[in-house]
Each structure stands twice: as C-alpha cells, then as structure tokens.
Visitor: 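The structure is given below, and queries will be raised subsequently.
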Amino acid sequence: MKVSVVNETAHGERRVALVPDAVAKLRAAGPEVLVESGAGARAWFTDDSYAEAGASVVDRAEALTADVVLLVGKPDAATLAALRAGQVLIGMLSPLTDPELVTALAAAQVTAISLDMLPRTLPRAQPMDALSSQANIAGYQAALIAATEYGRFFPLLITAAGTARPARVLVLGTGVAGLQAIGTTRRLGAVVSAYDVRPETRVEAESVGATFIELGSVGPASGAGGYARELTEDEREAQQQELAGHIARHDVVITTAQVPGRRPPLLVTEDALKGMAAGSVVVDMGASPLGGNVAGSEPGSTVVTENGVTIVGAAALPSSMPSAASSMYARNISALLQHLLADGALVLDGGDEITAGVLITRDGAIVHPALRPQESD
Ligand code: NAD
C-alpha cells in the first residue's frame with residue numbers, strides 16, 4: 001500500500017501532513033511513503049530529510065496516485081480532479097461547513113476521512129486529536145500577538161523609570177485554545193480572567209491560573225460531545241450585555257468561542273468595544289468570513305476603532321508555527337493511520353466508533369450520519 005503527502009494548496013498554508021520522523025514510523029508499520037517534492041519546505045523539512053527517513057520523493061502527479069493521500073486542509077479543485085475512484089483522502093476537511101466538497105468527494109467515489117470529525121472525548125482517540133493539537137498552537141500564538149500589539153507590558157515591572165502594573169487579560173471561551181491562551185498570558189505576567197458557557201471548564205481555567213467569571217444572565221450551555229450548544233437570541237443578548245461590563249475592565253481580550261458547524265457567536269459587540277480604553281487590544285480567534293466573536297473583525301486583518309481599540313482578526317495561526325504544527329499534526333494523522341491499518345492494509349470498520357466518526361464518504365455515498373441528506377430533502 002502506498003501513502004502519500006502532497007503540497008498544501010490553500011493560500012498561505014505552510015504546514016505539511018507528515019514530517020520525516022513520522023515517515024520513518026509509518027514505514028515501520030508497512031506502507032510505502034511517497035512525498036511530493038517541496039511538500040515540507042515551508043515548514044523547514046527538506047526533501048533530503050524525507051528521503052533519509054525512507055520516503056520516495058516524487059512529483060505531484062505521482063504522489064496523487066497513492067492509495068491513501070494525506071493532507072492538512074482541504075483539496076483544491078485540481079487535486080480533487082486528479083483523484084480516482086477508490087482512493088482514500090485524509091485531512092481536516094471541515095465537512096460540516098463545506099457540503100459542496102462532501103458532495104464532490106462522494107461523486108468522485110473518493111473515500112474521505114476527516115480528522116476534524118474525530119469523537120474527541122474518547123480517551124483512545126486523544127493521540128489523533130488534530131483539532132486540539134492545532135488549537136493549542138493557535139491559543140499560544142494568539143497570546144503572543146496580543147502581547148505584541150499591546151503598547152504596554154504584560155508583567156508587573158518595577159524599574160527606576162517607574163512601575164508598570166500588570167496587564168488585565170480576559171479570555172472568552174476556555175476550550176483547548178482558550179486554556180493555552182490563559183497559560184501563555186499568565187507566563188508573560190498578565191493577570192488573567194476567563195469565561196465560558198460550559199461551567200465545567202471553570203476548574204480547568206482556574207488550574208492554569210485564571211479567575212473564572214460567572215454570568216448571572218446566562219445559564220449553562222453545554223451541548224453534545226463536550227461542545228457548547230448555540231445560545232438562543234435572548235441568551236445571546238443577555239450574555240453580550242453582561243460581558244460588556246467585564247470587557248470594559250480589561251486591557252486585552254482574547255476570544256476563542258466556537259460552536260461546531262455554526263457561525264462563531266458574537267461576544268464582543270460594538271458597544272462593548274466603545275467601552276474599552278484607548279490602547280486596549282482584542283484578538284478574535286473566532287474571526288471568519290461569516291463574522292466572528294468580535295464586531296468588525298476580519299480574518300487576517302488588524303483594525304483600530306475610533307476610540308483606539310486594536311482588533312486583530314486572527315487567521316491561520318497554526319500555520320504561522322509550521323514546524324511545530326506539522327510535527328503535532330503528523331503524530332495525530334499517524335495515530336489515525338495506525339488505528340486503521342491491519343496487516344499493512346487500511347481497514348475501515350464502520351462498527352468502530354473512531355472510524356465511524358471520521359468517515360465522511362465511501363463508495364460514492366455520504367456515509368457520516370451528521371452529513372447525510374435528510375429523507376425529506
Ligand atoms: P471549541 O473550539 O468548539 O470552542 C471553544 C470554546 O468556546 C468552548 O469551550 C466552548 O464552550 C466555548 N463557547 C462556545 N460558545 C460560547 C459562548 N457563546 N460564550 C462563551 N464561550 C463559548 O472547543 P474545543 O477547544 O475544541 O473543545 C471542545 C471540547 O472538546 C471541550 O469539551 C474539550 O474539553 C473537549 N476535548 C476533550 C478532549 C478529551 O476528552 N480528551 C480532548 C480535547 C478536547
């Protein structure tokens with residue numbers, strides 16, 4: 001069986017699906033590994049290092065003939081067109097928000113496996129949890145961006161030129177990225193508060209050094225699979241209004257709130273931004289083309305409001321640390337491959353909870369229950 005890694009095609013993407021270390025381990029499990037020339041270059045992994053690890057370095061056309069093609073993100077149209085029926089494609093395909101891609105993969109009779117659909121609360125799935133590994137990197141980067149944009153110190157500093165008080169940071173959303181943002185801003189010396197609609201995150205936020213804020217106006221909103229549920233309109237308004245008071249008391253706000261398959265919830269409204277002091281910084285990790293956690297944020301751009309608040313629309317944060325992100329992703333995708341391999345061949349057992357969770361299309365059909373068209377459609 002041949003497994004291949006190809007260059008990512010998304011604009012600005014610097015990650016690669018397998019790093020040389022992972023190639024060596026995969027080879028030991030049986031498969032032949034093909035790597036498209038230059039696939040690791042933007043993450044500082046050379047063709048030579050892949051060859052030394054036992055991979056064959058080939059051109060794109062050959063890499064796309066492998067039985068299993070590995071990606072970090074989605075395939076572009078040309079990649080999809082090059083795949084043949086029966087091939088397996090593994091990546092983070094965002095199927096919940098890209099039904100057209102799912103339909104196209106089924107039509108091409110490609111077996112699609114999406115790491116971002118992993119049932120993450122299963123302990124045995126943890127080594128495969130690419131959403132967590134990449135969110136960890138994103139949370140760390142968001143904290144560093146906030147510190148760089150902020151025109152003052154994060155730590156308490158007592159110097160001959162005066163005393164600087166520590167920055168007051170508020171992290172909204174305390175999932176994997178939020179917890180990492182709390183830990184990193186704390187290590188930089190900031191005083192950190194945090195809030196999440198899932199009350200069970202309180203202990204985790206406190207364990208990494210934040211003071212947890214509770215809102216009286218919104219009850220618990222834990223949903224299925226360890227995720228938050230979407231708030232009702234009334235809950236959303238109440239949350240926004242109560243949060244605005246807390247936001248005004250902070251110098252830096254980092255937002256990380258997500259609800260799977262939905263537009264990120266708006267947490268920091270225009271009014272809340274107006275309540276912040278000049279020089280404050282807001283980093284929106286939920287920024288998306290549909291809108292983000294912060295009013296007026298745009299992915300990949302930084303804007304300053306009339307009252308002097310810098311809003312950073314975070315985009316592609318894991319890709320900005322390509323070596324670490326690729327190494328972690330490679331471990332995740334290798335763990336999934338090891339799970340699916342039996343006697344050197346890929347076995348897709350729909351009765352296995354992990355396999356059923358990540359399997360999107362097979363034999364020309366959309367097989368994932370969350371993606372199958374409803375009977376009435
Ligand atoms: P996520 O990226 O889906 O969301 C980030 C955070 O935003 C979540 O904590 C969510 O509760 C919060 N949020 C959503 N709407 C909000 C709102 N309106 N206001 C405030 N906060 C809001 O989350 P994630 O980091 O991917 O984590 C999702 C779940 O996966 C968590 O339960 C996490 O513990 C779980 N997880 C479990 C394991 C494991 O069991 N091994 C590993 C990793 C993650």
Side-chain angles (χ1 to χ4, degrees), residues 1-76 78-79 82-84 87-93 111 113-115 118 126-134 136-138 140-141 316-347 358:
M1 191 181 77
K2 290 183 183 173
V3 174
S4 76
V5 180
V6 291
N7 272 287
E8 297 295 317
T9 51
H11 178 70
E13 180 58 78
R14 297 180 60 191
R15 292 170 294 175
V16 59
L18 278 187
V19 302
D21 265 3
V23 169
K25 291 196 185 104
L26 197 56
R27 290 278 293 120
E32 200 179 316
V33 181
L34 309 181
V35 175
E36 181 187 352
S37 177
R42 284 165 292 178
W44 314 116
F45 299 107
T46 63
D47 284 355
D48 284 350
S49 63
Y50 283 103
E52 278 162 28
S56 305
V57 178
V58 298
D59 63 18
R60 187 171 187 83
E62 189 175 349
L64 286 172
T65 63
D67 305 290
V68 181
V69 177
L70 307 182
L71 283 175
V72 177
K74 302 183 202 182
D76 65 357
T79 307
L83 296 175
R84 62 171 198 282
Q87 270 180 298
V88 178
L89 181 76
I90 309 182
M92 290 201 284
L93 308 174
T111 299
I113 292 178
S114 196
L115 261 175
L118 189 77
Q126 277 180 26
M128 310 166 202
D129 191 349
L131 281 180
S132 284
S133 71
Q134 305 304 296
N136 244 314
I137 291 172
Y140 172 80
Q141 275 292 323
L317 294 180
S319 182
S320 67
M321 272 180 71
S323 309
S326 302
S327 297
M328 292 170 96
Y329 184 79
R331 277 197 285 277
N332 299 141
I333 206 166
S334 300
L336 178 67
L337 277 172
Q338 303 280 1
H339 178 74
L340 300 175
L341 279 171
D343 297 327
L346 217 58
V347 177
V358 294

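From a predicted model like this one, the values you see are computed outputs, not experimental measurements.
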Visitor: Rounded to the nearest 0.5 Å, how far does CZ of R15 lie from CD1 of I137?
Guide: 8.0 Å

Visitor: With heavy-atom distances below 4.5 Å as the criterion, would you say the side chains of E8 and V16 are in contact?
Guide: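 Heavy-atom side-chain distance check fails, nothing below 4.5 Å.
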
Visitor: For a quick test of reading the model, state the closest non-hydrogen atom pair linking L93 to S114 and the distance between them.
Guide: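 Nearest heavy atoms, L93 then S114: N-OG, 3.0 Å.
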
Visitor: Output, in order, the C-alpha distance, side-chain angles, deciding distance and verdict of side-chain contact (heavy atoms from CB on, under 4.5 Å) for V69 and I90.
Guide: CA-CA 6 Å; V69 177; I90 309 182; over 6 Å; no

Visitor: For E13 and S319, work out which heavy atoms get closest and say how close.
Guide: OE2-OG, 3.3 Å

Visitor: The test is side-chain contact (heavy atoms from CB on, under 4.5 Å); show your working for L340 and V88 and say whether it passes.
Guide: CA-CA 12 Å; L340 300 175; V88 178; over 6 Å; no

Visitor: Please report the closest heavy-atom contact between L89 and P75, naming both atoms and the distance.
Guide: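 Heavy-atom minimum between the residues: CD2-CG, 3.7 Å.
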
Visitor: Compare all side-chain heavy atoms of Y50 with those of V5 and state whether any distance is below 4.5 angstrom.
Guide: no

Visitor: If you round to the nearest 0.5 Å, how far is CG of N136 from CE of M321?
Guide: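 That separation rounds to 10.0 Å.
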
Visitor: Which value, rounded to the nearest 0.5 Å, describes the distance between S133 atom OG and R331 atom CZ?
Guide: 9.0 Å

Visitor: Roughly how far, to the nearest 0.5 Å, is the CG atom of L346 from the OG1 atom of T111?
Guide: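 So the OG1 of T111 and the CG of L346 are separated by 9.0 Å.
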
Visitor: How would you list all residue pairs meeting side chain to side chain donor-acceptor pair (under 3.5 Å) that involve residues 24-41, not counting sequence neighbours?
Guide: N7-E36, E36-R60, S37-D47

Visitor: Less than 4.5 Å apart, any side-chain heavy atom of S334 and any of L18?
Guide: yes

Visitor: If I take atom CG from residue L118 and atom CG from residue N332, how far apart are they, to the nearest 0.5 angstrom?
Guide: 8.5 Å

Visitor: Over all heavy atoms of both residues, which pair between P20 and S49 is shortest? Give the atoms and the distance, please.
Guide: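 Looking at all heavy atoms of both residues, the closest pair is CG-OG, 3.3 Å.
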
Visitor: If you define the side chain from C-beta out and look only at heavy atoms, does anything of F45 sit under 4.5 Å from S327?
Guide: yes

Visitor: Got M1 and L341 here, is their nearest side-chain heavy-atom distance under 4.5 Å?
Guide: yes

Visitor: Which atom pair, heavy atoms only, marks the closest approach of A63 to S4?
Guide: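 Scanning both residues completely, I find the closest heavy atoms to be O-OG, 2.7 Å.
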
Visitor: Check whether any side-chain heavy atom of L34 lies under 4.5 Å from a side-chain heavy atom of V6, and answer yes or no.
Guide: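 In short, these two side chains do not touch, never coming nearer than 4.5 Å.
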
Visitor: Out of curiosity, R14 CZ to S320 OG, how far, rounded to the nearest 0.5 Å?
Guide: 8.0 Å

Visitor: Are D76 and T79 close enough that a side-chain donor and a side-chain acceptor fall under 3.5 Å?
Guide: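 Yes, because at least one side-chain N or O of D76 sits under 3.5 Å from a partner of the opposite role on T79.
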
Visitor: Taking all non-hydrogen atoms of both residues into account, name the closest pair between P31 and A29 and its distance.
Guide: CD-C, 3.4 Å

